[in-house]
Amino acid sequence: MARNHLISLADIPDTDLYRLVDRGARFASGAWSDKTLDGAVVGVYFRATSTRTRTAFSSAALRLGARLITYGPHDLQVNTGETTADTGRVLAGMLDALVARTVGDVEELRALASQDRMAVVNAMAAQEHPTQALADLTAMAGHFGDLAGRRVLYMGEGNNTAAALALALPRYPGTELHLRTPKRYALDPEILVRAKDLAAQHGSTIIEQHDTVDMPRNADVVYTTRWQTTGTSKDSPDWREEFVPFRIDEAVMEAGPDAVFMHDLPAHRGDEVTAAVLDGPRSIAFTQAEAKMHSAAAVLEWSLGVLP
């Protein structure tokens, strides 16, 4: 059985990205009858809090017939000095896949993946949250159908969720990703360069600005995340003042009269988004959350080499 690591979306070929999103959309439509992971053992290792991602992968694995072993932040011997690579080699002799949220440097996940027997899935590292972007695209595909040409306005911190979205959406021809981020909390410059390269290859557009002047019109999606995300900290006691102009309210939603609102959750109503928007009729944030399970199922199948 082949093993495919999902550490960064930058590592994934376009064809595989499209297959993952299409398969996630099929799961969203109810395609759970086949136990494609029957006999597999999946480890779930989370060193930080998680409601959606941990539950999504656990539920998806069980629905597809796999068995689970779960680890908390203090359960493995990396806490007593064992190297990450050694831990990966040991687990690879017992697990078929490991879904890991470290919230640390992505190189730690690459060390876990420095073996070819166990698939490793990045369930969030400091630099990138690839499974979130796959869930986002799955939710968009379910809502719009074809993703080509869609226009997305993202407002808020250039965090790991924004990074993953920037490495995924531009693969769809003609898409536009408009990032509006506070200047000191922008997207990582290296990721922005890679995303712009992808956009150039696919006839797409990605633009980052640090103000709310000349907002894009006719957006299909308006997206935000929490201002204070898991594993990050702000270097100024007044950081909230820099984020206030990027709050999404009903006026911002006029960036697209038919736009839907998306949020990776959890949300802080009154900070990054008003309750009227998050709980309003144009919000698909909770459908987006459920899409995490659908996309997680596709990721597990792909990681274990059984994606149809």
Side-chain angles (χ1 to χ4, degrees), residues 21 24-25 27-29 48-57 59-60 101 123-124 128-145 147 150-166 168-169 175-181 212 215-216 218-232 243-244 246-299:
V21 173
F27 280 117
S29 68
T49 56
S50 174
T51 297
R52 280 146 290 275
T53 306
R54 180 171 179 170
T55 306
F57 275 96
S59 179
R101 169 170 290 190
M124 189 165 74
E128 187 183 340
H129 194 353
T131 62
Q132 179 63 53
L134 291 172
D136 296 341
L137 295 183
T138 298
M140 290 182 203
H143 185 82
F144 296 111
L147 295 183
R150 297 297 169 187
R151 182 177 294 183
V152 176
L153 169 62
Y154 174 96
M155 295 184 65
E157 186 175 34
N159 56 21
N160 47 26
T161 288
L165 188 62
L169 184 68
T175 53
E176 296 182 18
L177 177 58
H178 296 264
L179 299 157
R180 295 301 178 97
T181 61
T212 56
M215 296 286 278
N218 299 318
D220 295 298
V221 175
V222 178
Y223 193 147
T224 193
T225 68
R226 279 188 304 170
W227 289 345
Q228 184 69 63
T229 52
T230 303
T232 65
F243 278 78
V244 168
F246 300 90
R247 175 181 293 128
I248 294 180
D249 56 19
E250 290 171 303
V252 173
M253 291 300 296
E254 293 308 309
D258 298 318
V260 296
F261 172 73
M262 295 180 66
H263 192 306
D264 60 356
L265 301 179
H268 287 183
R269 292 168 177 82
D271 278 354
E272 73 275 8
V273 61
T274 62
V277 171
L278 178 63
D279 301 316
R282 296 166 67 183
S283 173
I284 62 167
F286 291 91
T287 299
Q288 176 188 357
E290 186 176 345
K292 276 204 166 186
M293 179 180 66
H294 305 138
S295 63
V299 167

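Only this structure's heavy atoms are used, side chains among them; waters, hydrogens and symmetry mates stay out.
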Asker: How about R282 and V277: do any of their side-chain heavy atoms sit closer than 4.5 Å?
Answerer: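 Not in contact.
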
Asker: Among pairs that include at least one residue of residues 251-265, which meet side-chain hydrogen bond (donor to acceptor under 3.5 Å, both in side chains), considering only residues two or more places apart or in two chains?
Answerer: T161-D264, H263-E272

Asker: Let me confirm one number: the CG-CG distance from N159 to L165, rounded to the nearest 0.5 Å.
Answerer: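 Answer rounded to 0.5 Å: 10.0 Å.
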
Asker: Checking side-chain polar atoms at under 3.5 Å, does T53 have a donor or acceptor matched by the opposite partner on K292?
Answerer: yes

Asker: What distance separates L153 CG from M253 CE, expressed to the nearest 0.5 Å?
Answerer: 9.0 Å

Asker: Which residue in the set I284, T287, V221 passes side-chain contact (heavy atoms from CB on, under 4.5 Å) when paired with H143?
Answerer: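 Answer after filtering I284, T287, V221: I284.
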
Asker: Quick one: closest heavy-atom pair of V273 and L278, and the distance?
Answerer: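 Where V273 meets L278 most closely, the heavy atoms are CG2-N, 4.0 Å.
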
Asker: Do the side chains of S29 and H294 get nearer than 4.5 Å, heavy atoms only?
Answerer: no

Asker: What are the two closest heavy atoms between G24 and A298, and how far apart are they?
Answerer: N-CB, 3.8 Å

Asker: Evaluate the side-chain contact (heavy atoms from CB on, under 4.5 Å) criterion for residues Y223 and Q288: first the C-alpha distance (whole Å), next the side-chain angles of each, then the deciding distance (0.1 Å), finally the verdict.
Answerer: CA-CA 11 Å; Y223 193 147; Q288 176 188 357; 3.4 Å; yes

Asker: Side chains of M262 and M140: closer than 4.5 Å at any heavy-atom pair?
Answerer: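 They are in contact (side-chain heavy atoms under 4.5 Å apart), so the answer is yes.
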
Asker: Check for a donor-acceptor pair, side chain of S283 on one end and backbone N or O of D279 on the other, with a separation under 3.5 Å.
Answerer: no

Asker: Go through the steps to decide whether M155 and T212 satisfy the test side-chain contact (heavy atoms from CB on, under 4.5 Å), and finish with yes or no.
Answerer: CA-CA 9 Å; M155 295 184 65; T212 56; 3.9 Å; yes

Asker: Enter the distance from L265:CG to Q132:CD here, rounded to the nearest 0.5 Å.
Answerer: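 One gets 8.5 Å once the value is rounded to the nearest 0.5 Å.
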
Asker: Using every non-hydrogen atom in the two residues, find where A168 and A133 come nearest and quote the distance to one decimal.
Answerer: CB-CB, 4.2 Å

Asker: Is any side-chain heavy atom of D271 closer than 4.5 Å to one of F243?
Answerer: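 No; the side chains remain at least 4.5 Å from each other.
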
Asker: Is there a side-chain contact (heavy atoms from CB on, under 4.5 Å) between T131 and F57 once you walk through the steps?
Answerer: CA-CA 10 Å; T131 62; F57 275 96; 3.6 Å; yes

Asker: For A162 and E157, which heavy atoms make the closest approach, and how far apart are they?
Answerer: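 Answer, listing the atom of A162 first, then E157: CB-O, 3.9 Å.
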
Asker: If you take all heavy atoms of A164 and H129, which pair is closest and at what distance?
Answerer: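 A164 and H129 have their closest heavy atoms at CB-O, 3.2 Å.
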
Asker: For D220, is there any backbone N or O sitting under 3.5 Å from a side-chain donor or acceptor partner on R151?
Answerer: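 No, R151 side chain to D220 backbone: no donor-acceptor pair under 3.5 Å.
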
Asker: Would you name the heavy atoms of T181 and G158 that are closest together and state the gap between them?
Answerer: CG2-N, 3.9 Å

Asker: Out of curiosity, R54 CZ to T49 OG1, how far, rounded to the nearest 0.5 Å?
Answerer: 10.5 Å

Asker: Quick one: does F246's side chain get under 4.5 Å of R180's, heavy atoms only?
Answerer: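 Yes, at least one pair of side-chain atoms sits under 4.5 Å.
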
